[in-house]
Amino acid sequence: MTGNSGNTANTAAADEGPQGPRHKRDLTRRKVVVAGAGAAVAVGTAGALAAGAFAGEKGGTKPAASASADAGEACYRLTSETTEGPYYIDADKLRRDITEDKEGIPLTLALKVIDSETCKPVVNAAVDIWHCDALGIYSGYESLSTGGGGGAPTDAPSGTPTGTPTDVPTGEPPSGGGGGGGHEEPTDDERYLRGTWRTDRQGRVTFKTVFPGWYRGRTVHIHTKVHVNGEWTDAGYEGGNTCHTGQFFFDEESVLASAEVEPYSTSTTERTTLTEDTIYDQSGVQGGLLKLKYDQKNIARGVVGSITMAVEPDATHEGTDDAVQPGASTTASAEASASSS
């Protein structure tokens, strides 16, 4: 699983203005360590959950084409590849319920994986997901994550710096947009909001988690990887290739609704909107935008997010060599330091 490393973690609070929270503005896993008995908590199938689980459900993303046309187009539109980010952990828990004891709006993530050329389900693939908690913290990297707690310093430093700094750097600044997407080694043993499970005969897999929060420089998102051509063993999933590395995104309406619910509402971190994010390619479902269902009057009851990923089973997309987009230094730094999830 991944996340964004936190080289800028210690400065995020200072970067926020005295006005307070600004988030309410308008607009490959090659081997998975099997968890102990009981870790794989059964979650209802995507069909049952999405078929009217909540009264007054609101769909976050509405396809423009009919269901049949949309399904046909999906076969020829590869789901966008993105950076892995610095917080991926290659060996984690084999489970569908990744919540552990984290607070937040319940989220059921119903995923389907298909072959982009044949449209057939990709069976027995290993699907990883990982994301930050409601306050922007990644497990395994708590000391590096920017997070959303706290605020600007209350006590300004006294005195004025004197003298002239020595050893002024010269030459070109490092490439990579201010942090790049290099992997960070875990700094702790926590593994909440991370998990892996296999797709069934229909290419489907369902996870139970919580609605992610946000951190400085990134919009709300979830990381994912799809591994195929490997082998499920007593030790987990071994071998094969990572055919997809991507991210899932949430529409602005749902994020603004979540920001009214604790603990999200306690965040003092400025939020990057979906249109401002430089990782999301603005292509809708193809780019990872989830279709969301929830009670529009009470999102705290829970959200169902669903998407179909069209992948190339024989390709390899590790997500470690993706170039940072020009002018994306803030996001790159966040993705590589704050927790690019």
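Numbering of residues begins at 1 and proceeds along the displayed sequence. Note that these values count all heavy atoms, side chains included, but never hydrogens, waters or copies made by symmetry. Everything numeric in this text was worked out from a predicted model, so none of it was measured.
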Shortest non-hydrogen contact between F250 and P212, atoms and distance: CZ-CD, 3.7 Å

Does atom CD of E103 have more than 12 heavy-atom neighbours from other groups under 6.0 Å away? no

With a 4.5 Å cut-off on side-chain heavy atoms, are I98 and I129 touching? yes

Side chain to side chain contact (heavy atoms under 4.5 Å, CB included) involving T79 - partner list, sequence neighbours excluded: H244, M309, A310

Between E276 and T273, do the side chains contain an N or O donor and an N or O acceptor separated by less than 3.5 Å? yes

Within 45° of the ring axis of W232 and under 6.0 Å from its six-membered ring centre, is that where the NZ or CZ of R198 lies? yes

Electrostatic pair D115:K120 at N-O distance under 4.0 angstrom: no

Any donor-acceptor N or O pair under 3.5 Å, side chains H131, T209: yes

Quick one, T224 and Q247 - any side-chain contact, counting heavy atoms below 4.5 Å? no

So do D277 and F249 actually touch side chain to side chain, heavy atoms under 4.5 Å? yes

Any chance the side chains of S80 and D281 put a donor and an acceptor closer than 3.5 Å? yes

Of the options R194, R191, K208, K93, which is the one that meets E100 in a salt bridge (Lys or Arg N to Asp or Glu O under 4.0 Å)? K93

Just checking, is any N or O donor in the side chain of T245 or K225 under 3.5 Å from an acceptor N or O on the other one? yes

